[in-house]
There are 2 protein chains.
Amino acid sequence: MGFWKSLFSTSDTTTAPKSMEADGLASPGMVVENSRIFFSTDRDIDLYELEELCDAVGWSRRPLRKVKKAIQHSFLVVSMWEQRGAQRRLIGFSRATSDHAFNATIWDVVVHPDFQGKGLGKALMRHMIKKLRSEDISNITLFADPHVVDFYRGLGFMSDPEGIKGMFWYPD
Amino acid sequence: MGFWKSLFSTSDTTTAPKSMEADGLASPGMVVENSRIFFSTDRDIDLYELEELCDAVGWSRRPLRKVKKAIQHSFLVVSMWEQRGAQRRLIGFSRATSDHAFNATIWDVVVHPDFQGKGLGKALMRHMIKKLRSEDISNITLFADPHVVDFYRGLGFMSDPEGIKGMFWYPD
């Protein structure tokens with residue numbers, strides 16, 4: 001628990017489950033409205049809390065059994081939390097599949113609408129990239145909806161580099 | 001070994017390692033020049049044989065240690081083999097990463113030049129798709145080089161559906 005205490009400068013961190021490991025504070029600029037923002041790579045996420053987050057951005061609901069399986073079998077899971085005193089709130093999420101060697105693909109990037117426009121999406125993605133690079137993954141990919149292509153471009157992602165096209169299979 | 005014998009109608013299948021499971025013959029039309037073509041999902045592939053196949057299509061060499069790791073951590077690996085009498089030859093390969101629930105991404109699709117233009121690439125991809133669908137994966141994706149976009153389109157893949165863009169990360 002020493003790491004927690006040093007991060008939050010408070011003796012009361014009892015609401016943080018023991019299994020939850022803070023993976024790093026967002027950059028100093030990421031202290032939003034007197035709350036602290038931190039990241040975790042712990043997979044032991046409350047699925048109902050995650051569903052609530054995805055509801056907030058209007059995603060279609062998915063069976064929690066499958067969401068659990070997908071989290072278990074992702075190579076990297078990064079969640080973003082707001083901490084106010086002893087209260088924690090899930091405010092962002094992202095995960096990546098990978099072959100653990102060459103390629104990773106990022107899925108399910110979400111930031112709660114209350115926390116959008118504050119640079120937190122960028123911070124979340126930078127954390128993902130840093131983690132993937134530290135695992136020696138050289139090819140980081142994703143499939144971006146049209147309205148977020150510029151967001152990813154700002155982070156160094158290129159669309160269709162050298163004419164490579166993202167493709168999705170549909171039955172004939 | 002019963003499965004092997006029934007597939008190849010020969011009593012001599014001793015060159016096939018015991019660990020190799022034939023996963024299915026390609027369609028009847030896939031008997032090419034008196035040899036039988038079959039698929040396997042066995043991951044115990046001779047890495048030097050795979051490297052030779054990738055050399056034949058001009059791919060850059062990759063560290064075998066990493067190739068091994070990538071194969072181990074792929075969700076699905078499909079290899080394609082030519083069988084002539086007791087001789088087996090690796091003539092095609094493909095693999096997919098996945099979260100085991102929603103998404104799969106296909107990588108490293110290769111068919112030996114001697115066997116291209118015979119419908120074997122299509123057969124290999126159809127086998128991949130069938131396997132992924134049987135595992136309840138609904139979203140099958142890939143990143144296609146420009147010269148193979150039409151090939152994948154013919155298999156039911158769509159590029160940039162609803163404006164979704166494939167993106168690759170490059171350092172700033």
Side-chain angles (χ1 to χ4, degrees), chain A residues 62-63 65-75 77 95-108 125-126 128-129 132-133 136-149 151-172, chain B residues 62-63 65-75 77 95-108 125 128-129 132-133 136-172:
Chain A
R62 300 181 291 187
R65 176 189 57 80
K66 288 192 83 172
V67 172
K68 186 179 177 183
K69 196 176 179 188
I71 288 174
Q72 278 170 344
H73 291 97
S74 291
F75 176 62
V77 174
R95 62 187 180 87
T97 49
S98 176
D99 56 19
H100 301 207
F102 300 109
N103 308 303
T105 310
I106 294 172
W107 307 96
D108 296 351
M125 287 302 295
R126 288 207 179 102
M128 289 287 292
I129 292 167
L132 293 170
R133 295 284 289 172
D136 204 22
I137 301 296
S138 51
N139 189 32
I140 303 175
T141 62
L142 55 79
F143 296 95
D145 283 323
H147 66 284
V148 287
V149 166
F151 166 75
Y152 289 115
R153 203 165 273 146
L155 284 157
F157 283 85
M158 275 184 64
S159 56
D160 304 345
E162 297 172 54
I164 297 169
K165 298 297 282 181
M167 301 189 83
F168 287 70
W169 182 80
Y170 295 96
D172 281 330
Chain B
R62 300 181 292 186
R65 174 188 59 79
K66 288 192 81 172
V67 173
K68 186 179 178 184
K69 195 176 179 189
I71 289 174
Q72 278 169 343
H73 291 96
S74 291
F75 176 61
V77 173
R95 63 186 178 87
T97 50
S98 175
D99 56 19
H100 299 211
F102 301 110
N103 309 302
T105 310
I106 295 172
W107 305 97
D108 295 351
M125 287 303 294
M128 289 288 291
I129 292 167
L132 292 171
R133 295 285 287 172
D136 204 21
I137 301 295
S138 50
N139 189 32
I140 303 175
T141 62
L142 54 79
F143 297 95
D145 282 324
H147 66 284
V148 287
V149 166
D150 284 341
F151 166 75
Y152 289 114
R153 204 166 272 146
L155 284 157
F157 284 85
M158 275 183 66
S159 57
D160 304 345
E162 299 172 53
I164 296 170
K165 298 298 282 182
M167 300 188 83
F168 288 71
W169 182 79
Y170 294 97
D172 281 330

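Reminder, nothing fancy here: chain letters follow the sequence lines and each chain counts from 1.
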Measuring heavy-atom distances to chain B, does A/Ile129 have an atom under 4.5 Å in its side chain, in its backbone, in both, or in neither?
side chain
Quick check on the interface: out of B/Ile106, B/Ile164, B/Asp145, who has the most heavy-atom pairs with chain A under 4.5 Å?
B/Ile164
On a heavy-atom basis, the closest approach of B/Met167 and A/Phe157 is CE-O, 3.7 Å
So, the part of A/Thr105 with a heavy atom under 4.5 Å from chain B: the answer is side chain
Rounded at 0.5 Å granularity, tell me how far OG in B/Ser138 sits from NZ in A/Lys66.
5.0 Å
Shortest non-hydrogen contact from B/Glu162 to A/Pro146?
O-CG, 3.3 Å
Go through the atoms of A/Val148 and report whether side chain, backbone, both or neither lie under 4.5 Å from a heavy atom of chain B.
neither
Let me confirm one number: the CG-OG1 distance from A/Asn103 to B/Thr97, rounded to the nearest 0.5 Å.
7.0 Å
Residues at least two apart in sequence or cross-chain that pass salt bridge (charged side-chain N to carboxylate O under 4.0 Å, His left out) with B/Arg133, listed by chain then number, are none
Minimum heavy-atom separation for B/Val149 and A/Lys165, please, with both atom names.
CG2-CG, 3.7 Å
On a heavy-atom basis, which atom in B/His73 and which in A/Asp99 lie closest, and how many Å separate them?
CB-O, 3.4 Å
Testing the basics here: between A/Ala101 and B/Lys69, what is the closest heavy-atom pair and its distance to 0.1 Å?
CB-CB, 4.3 Å
Looking only at B/Tyr152, B/Phe75, B/Phe168, the option with the highest number of non-hydrogen pairs under 4.5 Å against chain A is B/Phe168
Quick check against the 3.5 Å criterion: does B/Trp169 have a side-chain atom that pairs as donor or acceptor with the backbone of A/Leu155?
yes
Do B/Asn139 and A/Phe143 come within less than 4.5 Å of each other through their side chains, counting heavy atoms only?
no
